[in-house]
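Below you'll find the structure, written out as structure tokens, and then a few comments.
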Amino acid sequence: MLRTDLFLKVHIDHQPDESPERLAEEICRAILRIYGVRSAELSSFVTHPDPPAD
């Protein structure tokens, strides 16, 4: 059986009080359960400030 590493970039909108790490953990658990993924982990994240209102 072949094994392939997939590197996904996911953009999410979240409230300021929501932790990006916690959200990533939830996403990892979901793909592990639903797709039979062998492992999933957060390697890094970048939070961008809200764009200025026009």
Side-chain angles (χ1 to χ4, degrees):
M1 182 176 293
L2 297 175
R3 180 182 295 181
T4 302
D5 295 333
L6 301 176
F7 299 93
L8 306 173
K9 182 174 184 177
V10 178
H11 294 267
I12 58 171
D13 293 328
H14 61 91
Q15 298 299 319
D17 62 336
E18 290 180 302
S19 164
E21 295 94 340
R22 187 187 59 75
L23 295 169
E25 288 174 5
E26 290 180 18
I27 292 167
C28 288
R29 276 195 301 274
I31 64 171
L32 286 167
R33 184 177 60 248
I34 296 170
Y35 295 103
V37 172
R38 292 184 83 103
S39 67
E41 66 183 57
L42 173 65
S43 59
S44 66
F45 70 91
V46 176
T47 301
H48 300 277
D50 289 334
D54 290 338

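Side chains included, hydrogens not; waters and symmetry mates left out as well; all remaining heavy atoms used.
- Between I31 and V37, the closest heavy-atom pair is O-CG2, 3.4 Å.
- Closest non-hydrogen pair, L32 versus A40, comes out as CD2-N, 4.1 Å.
- Heavy atoms of other residues, nucleotides or ligands lying less than 6.0 angstrom from CZ of R22 number more than 12.
- Note: I34 CD1 to R29 CZ = 12.0 Å, rounded to the nearest 0.5 Å.
- If you take CZ on R38 and OG1 on T4, they are separated by 11.5 Å, rounding to the nearest 0.5 Å.
- The CD1 atom of I12 sits 9.0 Å away from the CD atom of E26 when rounded to the nearest 0.5 Å.
- Linking Ile, Leu, Val, Met, Phe, Trp and Tyr residues whenever their side-chain heavy atoms come within less than 4.5 Å leaves Y35 and L6 in two separate clusters.
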